[in-house]
Structures are given as structure tokens and as C-alpha cells.
Number of protein chains: 2
Amino acid sequence: MATREKNIFAELRGEHIDAVVLTNASEPNVDLSFFYATGIVNGIFERCFAIIRPRGVEVISSDLEALSAEQAGLKTTVFRTGKDREGLLRRKLRGCSRIGVNANEVTHANYKFIKMCAGGSRLVDVSNAISKARMIKDREEVALISRACRIVSRAAETIPDVVEEDMKETEAAAELNYMMMKLGASGPAFATNASFGSTTAEPHYVPSSRRLKRGQLALFDFGASYRRYVSDLTRTFVCGRPDRRQREMYETVLEAQLAAIDEIRAGVHGRDVDHAAREVVDSSKFKGKFIHSTGHGLGLSVHDPGAISPNVDMVLREGMVLTVEPGIYVKGFGGVRIEDDVLITRTGCRILTSAPKEFLTI
Amino acid sequence: MATREKNIFAELRGEHIDAVVLTNASEPNVDLSFFYATGIVNGIFERCFAIIRPRGVEVISSDLEALSAEQAGLKTTVFRTGKDREGLLRRKLRGCSRIGVNANEVTHANYKFIKMCAGGSRLVDVSNAISKARMIKDREEVALISRACRIVSRAAETIPDVVEEDMKETEAAAELNYMMMKLGASGPAFATNASFGSTTAEPHYVPSSRRLKRGQLALFDFGASYRRYVSDLTRTFVCGRPDRRQREMYETVLEAQLAAIDEIRAGVHGRDVDHAAREVVDSSKFKGKFIHSTGHGLGLSVHDPGAISPNVDMVLREGMVLTVEPGIYVKGFGGVRIEDDVLITRTGCRILTSAPKEFLTI
């Protein structure tokens, strides 16, 4: 991971930062940038520190995770007690006059702990630099994300065969997770959303024992995790014959998604890509029913830095990986969303997910 | 969830807190206490706020999650833009002189945002009070955790039938996740750890394409998530006949676990429970090979507040749910861990997980 620290410090030119300190609280409050900078695949590293300097990364690890850190080939110092831990951090930060912290991903309590150990040194919020570094994926990251995308795509292709009328949402989610893991995923990237009928109108729904009935929309939003990197894909189906409203919703969303993808290339504003999708929805009878942004960054996290949003000022750059996922949500009736993951290129994008996008029947 | 705010404010007596503000950054940096206080089952609620007052909870929600919040029966105000969001929080905090924040689970950036919106009000770290409230599970929480424990136990019972020689770690993990979801889990509680051979010595290992060979230890550490609440169970097997060292490791760990469970009841120090387990390991030939604490809290998070640890000063109280999981780890050879989840009672504990604990063969 020797280039990762260079990527971070390249964004910090002129800031005179001596070292950046990253740390994890208890799960789920871990700093994924810790894993970006260290390249560590196994472990959670609660209460551990990564100290990033322009010329290398070292880890202060608990006993529990020491083996995982060493296997990643990192210089590792191990603590056993809280006193050890504090003493080690103080020693490593000695002589630094400006220390970077990642305010977006460190808890306030850990920020205060670092401040205490930093003595008189100045803490500087470097979360923007870290986000910028993480937004541009390196070759290894692209390979891992592509693998996660291939896995989720293969799993999505099985939906019309595997999901059937009267199946529970949790059962359908079970089938998809199983398929992804048989294909090599280390797990689902997030709680697989399989929703049937009116619950398809809740974008972040968690599956329940609701059963699929004829005539209902069935929405699947899921992703694979592969060596910490993730994919994120959504496809919407109908059980039996779609009615006119369902068909109109689907066609509008698909048109919006294709319009957005068409707009994408390095140098374009995310806002303009969002506009391309939103314009399609808002000039249809479903005006105002597209209630979220068109896309978000993807990498170590399902919501990685970066967004294709009306409210975010971001220019697309080569090497970014983003989702493209317009949707239409009609309360009490249902929702349609179509989501793919794309790698931004100089002239357009490479679509990393590949399941069919026709309006298919279960 | 009407009693949750009372539980929190009961721990804040004399602190004169007008309101507690909880908020979520991007996944995974969400504050699970947001879901404790609100009882919301669906949604991620990134960038949303829960405002907890002694007499009730209200939510400031993005468009995206508004439906999930309303369905939980909560007073909900919706924002569309960042400016809306800031204005709403400012308005809701007006007139408060002391505002509680959860420093253990809020990011430093969000802490600064709340501070800005709080005007001249004083922010007070109330994370201890929140942890204490969350440590004692109410009846509804115990029911959900028990359900998650039943699911993982049933899945664990299938291991000797489902896992076989030459199977990949990821395939075994796939089978366990599938079984849990077929049994009603909304997903795995964390990345299911199936490790074979020497990787069993890494407590937080992530499964890879390694295949199970005759003579190897096979360790499974996994849990179910059920309506946001989780279970956490570990069982260790051997493929074929165990050798003497494996048998000694297993017997020592089992004896240590039973010694710890025997010690547990309300009023006992966690440190003493840890000591009971550690003494068994440290008086065996595996002295010093038990490299983590005996247990941790369990609830919304796999690592909930509370620990059975030599380094944590905590008295067990009725209603706590904790793991009991001693282990022995021999680098290059393998590890054994046996983990159950227990509910502390006045006179002892109720063991919520129920898979067999004999040294079984795959």
C-alpha cells in the first residue's frame, strides 16, 4: 500500500503535517480510512492506531489484532493495557508539531484522546484530503471493486429463477447472500434489501417475513463485500404481469438512469449528471418522487466519499467509482430503483455491474 | 420506546440536561444509540438527528428516511437541503442551556456541527449515561436478542452436517448465513468468520478460499441480526480425529468457559469472572495464549457497552447481556474459542445460545 500514504500527503501539500493518526472506536464506529491506508484485510482493530507519515505507515495494535497487522507486512507495536496504549501513542507523536486527524470518521471521544496524547501539538482536520485520496481508486482497489461487482451481478441474474411467488423477503435475501458467498464474497456489503409490494417505497428497508404476492413490485438492493471492498446494485421486478403504472415507473427510471450514464465522463459536474436523471423523472407524471441523490461513492464503504447530487459540488474525475441509481417512490404503492456501479474514465465510464435491465417478471 | 428516554435521563439526574442530540455520519459511522432511543427498525438515517427530551423523542429526518421514521410512530420533521437541516436543528435546540452529546459514537465533525447549531449552549458528554442505559436490556430488547440467539444456535447445530472436508471457508460461511436467514434473520450480525487450520489463531479473521483439510481445526464465529439486535456465537470443531494438542486446547477452553459461567450473577465483578476463565488457561500449558477479554456487551452492536475483562471495572447487573468466550491461540497451529451469550439474572444467568459444546468432528 506504499502509494496510499503518498496519495494522502499529495492532498496535504503546504499544510506541514508531520503525521496523520487514524483510530477505530467500537464497531460499527471504525474509520475505514484506517484500512485504506494500511491495506489490512483481516481484523476490526478497535482501539488501534495507524500512524501515517509521508514515507510509511505503522500500526499500534492490540494483542488481539497483532497477527493480522503483521501479516499485512506493517511495522506493528503491540499494547496490552490501556496505559500501554496511551504511552505508545504519546511516544510515537513526540516531535510532531502538526498532526492530522480524520474528523469525519473519528469519534469525538477518540479525538479528545489523541489531543491529550499529542501534548502541545496542533491537531488539524485532514478529512478532506483523506476523502479526496480515497475518491480516486488505485489499480488494486479497482480490481477488488470489480470483483465485488461481478459477484453481485451474477447473483442478480439468478433472481427470476430463484425468487418466486409467496416467498418471504428474508428468504429471498437469504438466497442472494448465499449466491454471493458461493461466488467468493466474504459477505454481503450491507443488510440485503429484498422488499415486496408497498415496502419497495422505503429505500433503506430491512427484509421481514412479508411474502411476495402476484402483481407486486419486488425490489432487491444488495452488494458483495470482497476483501473489504464492496459493490452495490439494485434491480426491480414484478411478480406476474406489470400494470400500467408499474410499467411507466420502470420505463421512467430506466430512461433516467441511462440519461445519467450518458452524461458521465471525467470533467463533468456531478450536479449535471444528477440533473440529467432528475429531469427525466420530473418531466414525467412522477415529478418529485425521486427523493434521493443519483449516486454516491463506492469503495471500502457503501457510501464512500463523493456524490452525484444536486447539493454536492463535485467534478467527476478519472478513477472515481460511483453508483448511478435513480428511483421513483409512491407511498403506499411501491418503488422502482435501478442501480449500477461505474468507474469514471476520461471519455465516459466503465459499467462494472452487468445484470439485465429490462423489466423482468418473477 | 417510551421508556428508553426515561432510562437515559435516569442516568443524568443532577446534570440539568435539557435535551440529548444523537446523529449519524455516513455508514458505518452511525450512532446505534439513535436506534436505541427511537426504536426505528428500518433505515440508516445518515445525517439525521434524534432529539431526546425527558418526555419524548423526535426525529429530524432526510426525505429518504422519513417514511421509516413515521412508521415508527415518531414525531418527524423532514429536511431536503443542508440549509434546511441546519435551520431545523438550530430551531429545535433553541432555549436549551445544556445539551447532551454521545462522544463515544458521534464523529468529531458532527460534534462540531451540533456545537455550531447550539449557539451559546453548553455541550455535555453524556456517553456514560447512554452506555449505562443501553447496558440494561428491557423486555423488548431481551426478546429480540433471544430470537437472534435462537437463530444462530439452530444454524450452529447444522455445522457437522453441512460443512465437509475440502469445502472453502467462504462456502462454509455462505451455508451458515443462508441457514440464519432461512430461520428469519435479517442478515448476519457481522462478517461470518469461518476459519480452517492455522487461521483459527486469528480471532477476527475474514474467510478466504482456503479449503478444510483433514486434521485441521475449524472455527466458526458468527451471529444473526434480528430487527437490529444481534447474537454472537463461536464453536470450534475438528475435521477428522483430533490430535492430543487439539483435544487439550479444547478441554481447557471449555473448562475455562464453564468456570466463567459458574461465576456469573448480578453483583459480581466482571474482573472476577474474567479471572475465573483466565486462571484455567494460565494454569495449563497454554499460559498467556488467551489474548483477549472473556466477554463483551451485546445488543444493537456486537460490541455493546460493558465487558468481562481484567482491565474493565464493571459490576454485573440484572438485565445485562454479555458474551462469554475464552479462547486459546497458538500462532502457526490454530485456535479454539467457545462463545455463548448470557443474560445476567439475580442468581446467575440465562444462557441464550444453545448449540452443543462437546468437541465435535466434521
Side-chain angles (χ1 to χ4, degrees), chain A residues 25-32 41-44 46 63-65 67-68 81-82 101 103-112 125 127 170-171 173-175 177-178 180-182 184-188 190-192 201-209 225 227-228 291-292 301-303 311 331, chain B residues 25-32 41-44 46 63-65 67-68 81-82 101 103-112 125 127 170-171 173-175 177-178 180-182 184-188 190-192 201-209 225 227-228 291-292 301-303 311 331:
Chain A
S26 278
E27 264 219 308
N29 302 110
V30 295
D31 183 346
L32 293 176
V41 174
N42 293 320
I44 310 176
E46 290 172 334
D63 248 26
L64 178 62
E65 310 283 21
L67 187 54
S68 303
T81 65
V101 292
N104 283 346
E105 295 176 278
V106 70
T107 62
H108 181 59
N110 276 336
Y111 171 85
K112 288 195 298 184
D125 178 12
S127 49
T170 49
E171 287 170 342
E175 297 293 343
N177 287 354
Y178 183 70
M180 289 195 291
M181 293 192 73
K182 292 292 271 188
S186 47
F190 52 93
T192 289
E202 273 185 82
H204 288 152
Y205 180 73
V206 176
S208 78
S209 57
S225 173
R227 294 177 71 89
R228 292 201 190 273
I291 56 172
H292 52 71
S301 163
V302 181
H303 291 176
N311 308 313
K331 223 166 153 172
Chain B
S26 278
E27 264 218 310
N29 302 111
V30 295
D31 183 347
L32 293 176
V41 173
N42 293 321
I44 311 177
E46 289 172 333
D63 248 26
L64 177 61
E65 309 284 20
L67 187 53
S68 303
T81 65
V101 293
N104 284 345
E105 296 174 278
V106 70
T107 62
H108 181 59
N110 276 336
Y111 171 85
K112 287 195 298 183
D125 177 13
S127 49
T170 48
E171 287 170 341
E175 297 292 343
N177 287 354
Y178 182 69
M180 289 196 291
M181 294 192 72
K182 292 292 270 189
S186 48
F190 52 93
T192 289
E202 273 186 81
H204 289 151
Y205 180 72
V206 176
S208 78
S209 58
S225 173
R227 293 177 70 89
R228 290 200 191 273
I291 56 172
H292 52 70
S301 162
V302 181
H303 291 176
N311 308 315
K331 223 166 151 169

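Sequence lines set the chain letters: A, B, ... in the order given, protein chains first and strands last, and positions in each chain run from 1. Source: prediction; values computed, not measured.
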Quick check for you: among [options], which has the greatest number of heavy-atom pairs under 4.5 Å with chain A?
options                                : value
B:Val106, B:Asn311, B:Thr81            : B:Val106
B:Glu175, B:Lys331, B:Arg227           : B:Glu175
B:Ala25, B:Pro207, B:Pro203            : B:Pro203
B:Ala191, B:Gly187, B:Ser26, B:Ser68   : B:Ser68
B:Lys182, B:Met180, B:Lys112, B:Glu171 : B:Lys182

Relative to chain B, which of A:Asn42, A:Leu32, A:Val41 shows the most heavy atom pairs under 4.5 Å?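 Looking at each of A:Asn42, A:Leu32, A:Val41 in turn, A:Asn42 comes out on top.
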Best-contacting candidate, A:Thr170, A:Asn29, A:Val302, A:Ile291, against chain B by heavy atom pairs under 4.5 angstrom: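 Heavy-atom pairs under 4.5 Å are most numerous for A:Asn29.
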Who pairs with B:His292 by ring pair (Phe, Tyr, Trp, His ring centres under 6.0 Å), at least two apart in sequence or on another chain?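 So B:His292 forms a ring pair (Phe, Tyr, Trp, His ring centres under 6.0 Å) with B:Phe290, B:Tyr329.
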Sequence neighbours excluded, which residues qualify as ring pair (Phe, Tyr, Trp, His ring centres under 6.0 Å) partners of B:Tyr205?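 B:Tyr205 satisfies ring pair (Phe, Tyr, Trp, His ring centres under 6.0 Å) with no other residue.
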Check whether B:Glu105 gets within reach of chain A through its side chain, its backbone, both or neither, counting any heavy atom under 4.5 Å.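 When you check distances to chain A, atoms from both the backbone and side chain of B:Glu105 fall under 4.5 Å.
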Any side-chain donor near an acceptor of the partner, A:Asn177 and A:Thr192, under 3.5 Å: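 Distance-only check passes for A:Asn177 and A:Thr192.
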Do you know the tightest heavy-atom contact between A:Val30 and A:Ile44?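 Closest approach of A:Val30 to A:Ile44, heavy atoms only: CG1-CG2, 4.0 Å.
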Ring geometry between B:Tyr178 and A:Tyr178 (parallel below 30°, tilted from 30 to 60°, perpendicular above 60°):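 Tilted: the ring planes of A:Tyr178 and B:Tyr178 meet at 30° to 60°.
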Measure the CG-OG1 distance between B:Asp31 and B:Thr107 for me, rounded to the nearest 0.5 Å.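 If we round to the nearest 0.5 Å, B:Asp31:CG and B:Thr107:OG1 are 10.0 Å apart.
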